[in-house]
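What follows is a set of notes on a single structure, which appears directly below.
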Amino acid sequence: MNSADLTTINTIRILSAEAIQKAKSGHPGLPLGAAPAAYTLFAKHLKHNPGNSKWLDRDRFVLSAGHGSMLLYSLLHLFGYDLSLEDLKQFRQTGSKTSGHPELHLVDGVEVSTGPLGQGFANAVGMALAETYLAAKFNQPDKKIVDHYTYALCGDGCMMEGISSEAASLAGALALSKLIVLYDSNNITIEGDTSIAFTENVAARFEAFQWHVVQVQDGNDIDAISAAIEEAKRVCDKPSLIEIKTKIGFGSPNKCGKSSAHGEPLGDDELTLTKQNLGAESLEEFYVPTSVREHMHNLKESLKHFEDQWNKQYAEYSVAYPALAKEWDAWHQKELPMDFLNDDAFLNFTEATASRVASEMVLNQLSPMVPNLIGGSADLAPSTKTIMKDRDYYAKDNRAGSNLHFGIRELAMTAIANGMAVHGGLIPYIAGFFVFSDYMKPALRLTSMMHLQVISVLTHDSIGVGEDGPTHQPIEQLASLRSMPNMTVIRPCDSREVAAAWYAALTRKTSPTSLILSRQNLNVLDGTGKEALKGGYILRDCEKETPDLLLLASGSEVGLIYDAYDVLKQKGIHARVISMPSFELFEEQSAAYKESVLPKAVTKRLAVEAASSFGWHKYIGLDGDMISMEYYGESGTFSSLFEKYGFTVDNVVAKATALF
């Protein structure tokens, strides 16, 4: 290791420890231990341009062990990304860019929000998958405009989380050879030595996952780390894991190798000792030696050539392959070459159809029109109806396929889709039974937080699942997804609303969308269609200027209130039928529109939904009532269950009448 490398590595260590100490909060152990590996990657292998963190063919780097965020912030600052020394001093402070865990959109150079351990690992799998698919689509024998690696830095915690095993298993099966994971193996967690709960041979586990494994015994040996990365890049048929044995808190005389270095500041005295131990030129706070500034400036300048070369090649590519270049640009700008709701073919439904089947019909109409759609299910595609029939299946020997087999891995599937979305160029969709959105939720939360356009097709949406029984009948899941900020939840009542739901999903580019679809057939109702894009709208109205009663429902239950309208009319009750497929879309409408649909003067309101009532009270008020599921279901035919639990026209009429 030459002096410039060593001084820079120790500067990264000290800056990280100082920011954590100033914040009196954070995790110094990983930055102190893993700085040599991260620096070696960024300085000697990573294809990146700090002057333009978004150029399309850059290598991607994911800090899966997001608690070590100061390591990444220190690297980005020294490499010349748009992150100042003052930003480092504001670590973990309100309004700062440098939050406790890396957040997409806050810091230049951060590729994905990480922190929940293992999710960054799965994000990296998604990025690597996206690279292979785009390469198969756009590369030509004489021009490779897609040719980059995905790297992730993970810790022992990432390896313990089940999501990393889910994702690693799939990455091995798909032979994602341009995925390289650096494993900071220090055998320490918050509670102590990993031997108390984590004793398997991780290298052997990854070999069983069909990964290439390299081991580096000294985490300070940057030559060995560099050689391991070079070896991994030569492997063309497997992803690679580089296990690097490090000392947590390296450089700290009294905390090195101890769990106390993991998640608490070193302390002022220990920080001073650490600086002295690492040979700091100055004990001044946030001091960066002039030699390091010069070294890093030279590195930054040398890195520009990666993008310069790519820009030159892309200019030639645009001339040689103008149609592909145009499509490349459209894919990355998420241009939709149509306004399909103005095409009557997308709304031409007349027969009773399960909304999952209607979704399949719409998806297959969209497939040739939106070529950068890519997706699949957690081994449920025949049931969720999410196969694009004009497309091949993606596999290790067919990178051009865009139907994905995720296997029975709901959590990893969702995090992988996040990685695909954040990579750019693709619109991913994922699918599963709605009840299993519980397995997906930790990753869906990050989808929402990062404003990613990921479409979740969630079928078998209520007790209408029937004979599979309560374990498969979602009750509280609608309320759960609706409670997530920036998640758009749409539960269509018929096939025309399904078409509108897909339109919303494709046009909401900064919000994930969950489509909640039925197993059982739903009648096509007069008046449905584009109005569903408003989230709630009047489907049937009475002759009176102000109705006596508001009937509200989503999904399959809209048909019940639609039919109850006629019975109530015979009883002299003038009702308004309101389809409410999406709370989120409705809340985006003007106050005047919402008042026109739900006039405040009408306090007699009845909502019907075969799920938990939680969340509906803001629409029905204290004087309203609800037919809902406040308990788990049971096994039986969907019709018998709807009868037993009161989802019938007769019960709607009885509940409505009781309001008077």
Any donor-acceptor pair under 3.5 Å from [X] side chain to [Y] backbone:
X: Arg540; Y: Tyr562; answer: yes
X: Asn398; Y: Tyr393; answer: yes
X: Thr353; Y: Glu351; answer: yes
X: Arg496; Y: Val524; answer: no
X: Asn486; Y: Ser511; answer: no
X: Gln453; Y: Ala505; answer: yes
X: Ser579; Y: Tyr537; answer: no
X: Tyr565; Y: Asp541; answer: yes
X: Asp548; Y: His574; answer: yes
X: Asp390; Y: Gln365; answer: no

Closest heavy-atom contact between [X] and [Y]?
X: Ala421; Y: Pro428; value: CB-CG, 3.9 Å
X: His472; Y: Val465; value: O-CG2, 3.5 Å
X: Leu170; Y: His405; value: CD1-O, 3.7 Å
X: Leu533; Y: Ala500; value: CD2-O, 3.2 Å
X: Leu659; Y: Gly624; value: CD2-C, 4.4 Å
X: Lys441; Y: Met484; value: CE-SD, 4.1 Å

Mind checking whether Trp616 and Tyr619 have parallel, tilted or perpendicular rings, split at 30° and 60°?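 The arrangement is perpendicular - the two ring planes meet at more than 60°.
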With under 30° as parallel and over 60° as perpendicular, where do the rings of Phe642 and Phe638 fit, or are they tilted in between?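 Aromatic pair Phe642/Phe638 classed perpendicular.
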[X] [atom1]: over 12 foreign heavy atoms closer than 6.0 Å:
X: Arg508; atom1: CZ; value: yes
X: Lys509; atom1: NZ; value: yes
X: Lys389; atom1: NZ; value: no

By the definition salt bridge (charged side-chain N to carboxylate O under 4.0 Å, His left out), identify the one residue from Glu557, Glu584, Glu497 that meets it with Arg491.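 It is Glu557, the one option of Glu557, Glu584, Glu497 that forms the salt bridge (charged side-chain N to carboxylate O under 4.0 Å, His left out) with Arg491.
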side-chain contact (heavy atoms from CB on, under 4.5 Å) partner of Lys655, chosen from Val653, Asn651, Val652: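 When Val653, Asn651, Val652 are each tested with Lys655, the side-chain contact (heavy atoms from CB on, under 4.5 Å) holds only for Asn651.
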Determine whether the aromatic ring centres of residues Phe346 and Trp502 are separated by less than 6.0 angstrom.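 No, they do not, as the ring centres are separated by 6.0 Å or more.
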Between Thr488 and Thr513: side-chain donor-acceptor atoms closer than 3.5 Å: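 Their side chains do not contain a donor-acceptor pair, so the 3.5 Å distance test is not met.
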Check: Lys530/Asn342 side-chain N/O donor and acceptor closer than 3.5 Å: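 Their side chains do contain a donor-acceptor pair, which is all the 3.5 Å distance test asks for.
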Would you mind checking if [Y] and [X] are paired as a salt bridge, meaning a charged N to carboxylate O distance below 4.0 Å?
X: Glu467; Y: Arg519; answer: yes
X: Glu587; Y: Arg482; answer: no
X: Glu131; Y: Arg60; answer: no

Worked verdict on Val110 versus Glu103 for side chain to side chain contact (heavy atoms under 4.5 Å, CB included): CA-CA 7 Å; Val110 170; Glu103 293 186 46; 6.0 Å; no
Derivation of the side chain to side chain contact (heavy atoms under 4.5 Å, CB included) call for Thr546 and Val602: CA-CA 8 Å; Thr546 302; Val602 184; 3.6 Å; yes
Does the salt bridge (charged side-chain N to carboxylate O under 4.0 Å, His left out) test come out yes or no for Glu335 and Lys326, once each step is laid out? CA-CA 11 Å; Glu335 293 178 0; Lys326 183 179 179 180; over 6 Å; no
Passes side chain to side chain contact (heavy atoms under 4.5 Å, CB included), Lys385 versus Leu517? Steps please. CA-CA 10 Å; Lys385 308 296 182 183; Leu517 307 175; over 6 Å; no
Quick one, Leu458 with Leu481, criterion side chain to side chain contact (heavy atoms under 4.5 Å, CB included). Give me CA distance, side-chain angles, the key distance, then yes/no. CA-CA 11 Å; Leu458 302 169; Leu481 288 190; 3.8 Å; yes
To the nearest 0.5 angstrom, please state how far the [atom1] atom of [X] sits from the [atom2] atom of [Y].
X: Lys604; Y: Leu551; atom1: NZ; atom2: CG; result: 13.5 Å
X: Leu506; Y: Ile427; atom1: CG; atom2: CD1; result: 5.5 Å
X: Ile573; Y: Lys544; atom1: CD1; atom2: NZ; result: 10.5 Å

Given the rule in the side chain to side chain donor-acceptor pair (under 3.5 Å) test, do Ser355 and Ser518 qualify, once you have shown the distances and angles that lead to the verdict? CA-CA 5 Å; Ser355 55; Ser518 74; 3.1 Å; yes
